[in-house]
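As structure tokens, the structure follows; a few thoughts come after it.
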Number of protein chains: 2
Amino acid sequence: MSGKTVLIVDDEASIREMIAVALEMADYQCLEAADAREAHALIVDRQPDLILLDWMLPGTSGVELARRLKKEEVTAEIPIIMLTAKVEEDNKIQGLEVGADDYITKPFSPRELVARLKAVLRRATPAGVETPIEVDGLTLDPIGHRVSSASGALTMGPTEYRLLQFFMTHQERVYTRSQLLDQVWGGNVYVEERTVDVHIRRLRKALGDRYDHLIQTVRGTGYRFSTQAV
Amino acid sequence: MSGKTVLIVDDEASIREMIAVALEMADYQCLEAADAREAHALIVDRQPDLILLDWMLPGTSGVELARRLKKEEVTAEIPIIMLTAKVEEDNKIQGLEVGADDYITKPFSPRELVARLKAVLRRATPAGVETPIEVDGLTLDPIGHRVSSASGALTMGPTEYRLLQFFMTHQERVYTRSQLLDQVWGGNVYVEERTVDVHIRRLRKALGDRYDHLIQTVRGTGYRFSTQAV
DNA sequence: GAAGACTGTCACAATATTGTAACTTTATCC
DNA sequence: GGATAAAGTTACAATATTGTGACAGTCTTC
């Protein structure tokens with residue numbers, strides 16, 4: 001249910017597959033890329049929660065890719081774990097500079113990989129997730145799993161809650177129905193796009209007259225959470 | 001059964017493991033962290049009863065970490081024992097300032113470690129844990145191991161008591177079934193998640209109509225103890 | 001060693017949530 | 001202004017989640 005998405009970037013298919021199998025057993029969803037280009041496309045498209053990046057890559061090196069990713073706004077906050085044959089001090093320093101969050105030296109056990117990965121994700125998430133988010137008196141408290149306004153608590157279904165949480169952490173940006181299905185429903189569900197509309201409707205209803213204008217329709221595209229008038 | 005949770009923060013895995021083995025034999029549950037970040041994540045996540053902190057840490061020093069922890073509300077009352085190669089007066093003063101509760105100089109015997117640790121825990125517990133907790137007339141008295149309301153004593157099984165105690169010391173926060181199993185049943189038991197539901201039911205029943213609303217169901221997630229209406 | 005309390009699990013009941021289809025309303029384009 | 005596409009709404013059946021009572025095994029207590 002909490003299935004985070006992990007992007008595996010390595011040029012050896014066998015290694016990718018080995019990792020993917022291990023991660024899927026631990027309920028992570030996997031994406032695979034063999035080089036920097038593929039990686040980049042998948043990141044933009046699927047917005048993984050974590051990137052497993054091989055130190056050596058054909059063309060651009062892993063370090064170089066990491067550096068590029070950390071510079072871009074979209075990808076800057078995605079944690080990166082470097083896979084390296086042998087961490088040398090030099091590498092480590094270079095890696096830390098570009099912002100890798102952890103290192104794993106090959107060969108490694110699946111158990112270790114999953115453990116490290118959990119640790120990194122745990123470290124990475126709290127900042128954003130544990131703090132209550134407030135907009136115009138509408139507050140979402142992720143710790144208590146509550147939404148409230150001045151006039152009291154708002155009740156809504158789990159999906160509406162997740163939808164609102166996603167929107168409040170990604171304000172002022174339009175998402176297509178398909179992106180919302182990916183982000184809120186989680187990767188590989190087979191659900192009609194119009195279903196999003198229905199949940200948007202339910203969310204608006206739960207928010208009430210006072211706040212339903214925050215969920216804005218962008219005709220022909222999707223929806224947006226915005227504090228600015230349409 | 002009284003298994004307290006101890007967080008070991010040291011960058012050397014071998015030392016961590018040595019300590020962990022010693023503590024586990026003495027019926028403590030151990031968590032391990034190699035650096036300040038991991039430590040922080042684990043503290044937030046698992047809320048240990050005591051922290052064993054190495055003086056020297058990569059990046060942030062142990063002293064610095066201790067200072068930070070003592071400042072934060074969540075962690076301020078968790079006792080800290082510093083591990084140092086050799087306590088010099090200078091260190092000691094610095095350490096006392098940041099609020100470490102004891103020092104142990106490496107190398108130390110497991111026996112000594114456990115003894116010191118017990119002493120610190122004995123000293124530390126009264127403040128936080130032995131004080132009765134009261135909510136809306138419902139009182140849990142950890143010393144007498146009793147729960148009472150205006151209309152008299154409430155009886156419940158041991159598990160229900162621990163569950164209530166956990167909830168009353170962690171109010172307004174949602175816990176998943178798996179987290180409750182970790183926290184209330186204790187780390188490594190293999191029990192069905194639905195068992196939590198049954199004990200929640202028993203606890204609610206024991207609390208009676210007057211108080212059972214304090215245990216709230218958060219559909220799709222878990223349970224929460226809250227004085228606020230749903 | 002028997003009575004009683006406590007636990008964990010199961011099966012079934014009670015609810016809440018979900019996705020979809022069908023229908024209505026609103027915006028857009030010519 | 002009418003045709004057409006897109007989004008809003010509602011109702012409903014299917015599904016998922018939680019509540020509840022019962023039961024057998026285990027541990028306590030006297």
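Proteins get letters first, then strands, A, B, ... in listed order; numbering begins at 1 in each. Quick note: numbers below take in every heavy atom, side chains included, and nothing from hydrogens, waters or symmetry partners.
Side-chain atoms of Gln216(B) and Arg146(A) form a donor-acceptor pair, as typed in the model, at a separation below 3.5 Å. Remark: the Thr217(B) side chain and the Arg204(B) side chain contain an N/O donor-acceptor pair separated by less than 3.5 Å. When only modelled atom types and interatomic distance are considered, Glu172(A) and Thr227(A) share a side-chain donor-acceptor pair under 3.5 Å.
Between Glu192(A) atom CD and dA21(C) atom C1' there is a gap of 10 Å when expressed in whole angstrom units. Spacing between atom CG of Leu203(A) and atom P of dT18(C) amounts to 12 Å, rounded to whole angstrom units. As a whole-Å value, the separation of Leu163(A) CG from dG19(C) C1' is 15 Å. At whole-Å resolution of the value, CG in Leu181(B) and C1' in dT9(C) are 13 Å apart.
For the helix from dG1(C)-dC30(D) to dC30(C)-dG1(D), the terminal axes (five pairs an end, C1' atoms, rotation from four pairs onto the next four) enclose an angle of 40°, given to 10 degrees.
Using modelled atom types, one side-chain atom of His170(A) and one backbone atom of Phe166(A) make a donor-acceptor pair closer than 3.5 Å.
Counting heavy atoms from C-beta outward, Leu31(A) and Ile8(A) have side chains that stay 4.5 Å or more apart. For the pair Ser149(A) and Arg210(A), the minimum side-chain heavy-atom distance is 4.5 Å or more. Between Leu138(B) and Val147(B), the closest side-chain pair of non-hydrogen atoms falls below 4.5 Å.
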Which protein N or O atoms sit under 3.5 Å from an N or O of nucleotides 4-7 of chain C?
from   : atom 1 : to        : atom 2 : distance (Å)
dT7(C) : OP1    : Thr159(B) : N      : 2.8
dT7(C) : OP1    : Thr159(B) : OG1    : 2.5
dT7(C) : O5'    : Thr159(B) : OG1    : 3.2

In 5'-to-3' order, the base (B), backbone-only (S) or no-contact (-) status of each nucleotide in nucleotides 1-9 of chain D, using a 4.0 angstrom heavy-atom cut-off, is -----BBBB
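For the residue pair Pro132(B) and Pro142(B), the shortest heavy atom distance occurs at CA-CD, 3.7 Å.
For Tyr175(B) and Phe225(B), the distance between ring centers is not under 6.0 angstrom.
The aromatic rings of Tyr161(A) and His145(A) lie parallel to each other, their planes meeting at an angle below 30°, with 60° marking the opposite boundary.
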